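For reference, the structure is listed below as structure tokens.
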Amino acid sequence: MAKTLITSAPRHTERAVGGTTVVELRGEIDILTAPSLGTRLDDLTAVGLPDLVVDLRGVSFIDCAGLGVLCRARNRVTERHGRLRLVTESNRSKQILRILRGAGLDGVFEMHDHLPGALAAVPDRPPLPQRLGDARP
């Protein structure tokens, strides 16, 4: 008997903290769930000067499709002169940090260990001008 794999978009919550949108993700971000997350991040980065924090502490797995979604969001934010921060608490999300490092993306994103630090942080440098490869047109 064949098994049917049913997956859904990664669970997430959104909230505004001052002028910043915080997206807290939980679960897996993979080839099956990345498209719906990408659509939501596209919506959030469509405005001028987007200010976005993506909290990855509750993410248990991310693959190249998930990395592509994050890179696309980063490109869109950069084009609009906004700001994107990732929260990856080192104790709880070592696997996510390892994947980002392995893909050479840990130095590309503004990363923080804790949500309060990401919200309070003042950028220490202007946004990077280069674009990363888009996951989709």
Side-chain angles (χ1 to χ4, degrees):
M1 177 182 252
K3 291 184 178 180
T4 303
L5 178 65
I6 299 174
T7 61
S8 61
R11 295 177 309 272
H12 78 278
T13 57
E14 294 175 27
R15 62 188 167 106
V17 178
T20 302
T21 301
V22 177
V23 180
E24 296 179 29
L25 299 174
R26 292 175 304 286
E28 297 183 357
I29 305 172
D30 58 21
I31 195 166
L32 297 173
T33 61
S36 60
L37 175 61
T39 298
R40 185 62 194 133
L41 291 178
D42 280 354
D43 291 343
L44 293 171
T45 59
V47 300
L49 294 172
D51 188 12
L52 188 62
V53 171
V54 177
D55 187 345
L56 298 171
R57 293 177 297 168
V59 173
S60 57
F61 175 81
I62 188 167
D63 68 4
C64 59
L67 293 177
V69 166
L70 294 177
C71 288
R72 178 173 168 82
R74 184 224 177 253
N75 288 344
R76 290 172 56 87
V77 166
T78 300
E79 287 172 356
R80 291 161 179 81
H81 307 287
R83 194 164 169 220
L84 171 68
R85 279 97 70 208
L86 303 182
V87 178
T88 57
E89 183 179 16
S90 57
N91 291 340
R92 291 180 41 194
S93 52
K94 287 181 183 179
Q95 179 184 11
I96 304 301
L97 285 171
R98 191 174 0 199
I99 291 169
L100 288 169
R101 286 185 186 120
L105 296 173
D106 58 326
V108 171
F109 291 97
E110 183 182 337
M111 298 175 64
H112 297 271
D113 288 341
H114 302 285
L115 184 58
L119 291 169
V122 175
D124 59 352
R125 60 186 166 125
L128 299 173
Q130 76 271 14
R131 291 179 45 88
L132 300 172
D134 281 335
R136 57 185 170 159

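FYI, side chains are in, hydrogens and waters are out, and symmetry mates aren't considered; it's all heavy atoms of this structure. Only a predicted model underlies this, so the values are computations on that prediction, with no experimental measurement involved.
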Under 3.5 Å donor-acceptor pairs involving side-chain atoms of residues 63-70, not counting sequence neighbours:
{"residue": "D63", "atom": "OD1", "partner": "A65", "partner atom": "N", "Å": "3.0"}
{"residue": "D63", "atom": "OD1", "partner": "G66", "partner atom": "N", "Å": "3.1"}
{"residue": "D63", "atom": "OD2", "partner": "I31", "partner atom": "N", "Å": "3.0"}

Query raised in the report: From R26 CZ over to R57 CZ, what is the distance, rounded to the nearest 0.5 angstrom?
Result: 11.5 Å
Query raised in the report: Just by distance, with hydrogens left out, do T33 and D30 show a side-chain donor and acceptor under 3.5 Å apart?
Result: yes
Query raised in the report: Rounded to the nearest 0.5 Å, how far apart are CG of L105 and CD1 of I99?
Result: 11.0 Å
Query - Residues which pass salt bridge (charged side-chain N to carboxylate O under 4.0 Å, His left out) with R85, listed by chain and number, not counting sequence neighbours - result: D51
Query raised in the report: How would you list, by chain and number, every residue that makes a side-chain hydrogen bond (donor to acceptor under 3.5 Å, both in side chains) with S60, sequence neighbours excluded?
Result: none
Query raised in the report: Looking only at heavy atoms, which two atoms of T45 and A73 are closest? And how far apart?
Result: CG2-O, 4.1 Å
Query raised in the report: Within the distance-only criterion (no hydrogens, no angle test), does the side chain of R76 pair as donor or acceptor with the backbone N or O of D42 below 3.5 angstrom?
Result: yes
Query raised in the report: Hey, mind stepping through V23 and R40 against side-chain contact (heavy atoms from CB on, under 4.5 Å) and telling me if it holds?
Result: CA-CA 10 Å; V23 180; R40 185 62 194 133; over 6 Å; no
Requested in this report: Can you measure from CG (L56) to CE (M111) and round to the nearest 0.5 angstrom?
Outcome: 8.0 Å
Query raised in the report: For V17, which residues count as a side-chain contact (heavy atoms from CB on, under 4.5 Å) partner, sequence neighbours excluded?
Result: R15, V22, L119
Requested in this report: Apply side-chain hydrogen bond (donor to acceptor under 3.5 Å, both in side chains) to T21 and list each qualifying residue two or more places apart in sequence or on a separate chain.
Outcome: none
Query raised in the report: Closest approach of D113 and T88, non-hydrogen atoms and distance?
Result: OD1-O, 3.7 Å
Query raised in the report: Which residues pass the salt bridge (charged side-chain N to carboxylate O under 4.0 Å, His left out) test with R80, sequence neighbours left out?
Result: none
Report task. Show your reasoning for whether side-chain contact (heavy atoms from CB on, under 4.5 Å) applies to V108 and R74. Result -> CA-CA 9 Å; V108 171; R74 184 224 177 253; 3.2 Å; yes
Query raised in the report: Does the side-chain contact (heavy atoms from CB on, under 4.5 Å) test come out yes or no for Q95 and I62, once each step is laid out?
Result: CA-CA 9 Å; Q95 179 184 11; I62 188 167; over 6 Å; no
